[in-house]
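Have a look at the structure below before the remarks.
Treat the numbers as computed from the prediction; the structure is a model and nothing was measured. What's counted below: heavy atoms across the whole structure, side chains too, no hydrogens, waters or symmetry copies.
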Amino acid sequence: MTTSRRLADRKSAKFQKNITKRGSVPETTVKKGNDYPVGPMVLGFFIFVVVGSSLFQIIRTAASGGMA
């Protein structure tokens with residue numbers, strides 16, 4: 001099946017136009033931003049629980065006399 005000269009020229013022009021646009025695409029298509037998987041309140045609560053439980057463990061160990 002042969003293509004007409006006009007159709008071949010149109011395809012060629014289309015690809016030539018794409019070649020001149022090469023390199024002008026954005027680095028990523030995903031939007032960048034401060035989109036954290038957890039909110040600041042949840043993160044604060046988690047830190048409070050971790051630090052609080054470790055302090056509680058230290059105080060309990062010190063009150064019981066060390067390694068007991």
Side-chain angles (χ1 to χ4, degrees):
M1 182 164 142
T2 60
T3 58
S4 67
R5 183 75 182 152
R6 186 180 56 165
L7 184 61
D9 287 341
R10 195 170 13 161
K11 280 185 172 182
S12 177
K14 181 180 175 184
F15 288 117
Q16 288 295 331
K17 185 175 69 172
N18 284 341
I19 288 173
T20 60
K21 291 182 181 178
R22 189 175 292 176
S24 64
V25 294
E27 194 169 310
T28 179
T29 57
V30 179
K31 71 171 188 168
K32 293 182 179 179
N34 295 334
D35 195 20
Y36 299 114
V38 295
M41 294 295 289
V42 175
L43 187 61
F45 178 72
F46 179 73
I47 291 173
F48 171 76
V49 169
V50 169
V51 171
S53 64
S54 65
L55 285 175
F56 182 73
Q57 183 73 28
I58 291 169
I59 292 171
R60 197 175 81 184
T61 304
S64 67
M67 303 288 263

Q. Is it true that a side-chain atom of Ser12 and a backbone atom of Ala8 form a donor plus acceptor pair closer than 3.5 Å?
A. no
Tracing side-chain contacts under 4.5 Å among Ile, Leu, Val, Met, Phe, Trp and Tyr outward from Phe45 reaches Phe48, Val49
To the nearest 0.5 Å, atom CZ of Arg60 lies from atom CD1 of Ile58 at 12.0 Å
Those residues at least two apart in sequence (or on a different chain) that pass salt bridge (Lys or Arg N to Asp or Glu O under 4.0 Å) with Arg6 are none
Within one Ile-Leu-Val-Met-Phe-Trp-Tyr cluster: Leu43 and Val51, side-chain cutoff 4.5 Å:
yes
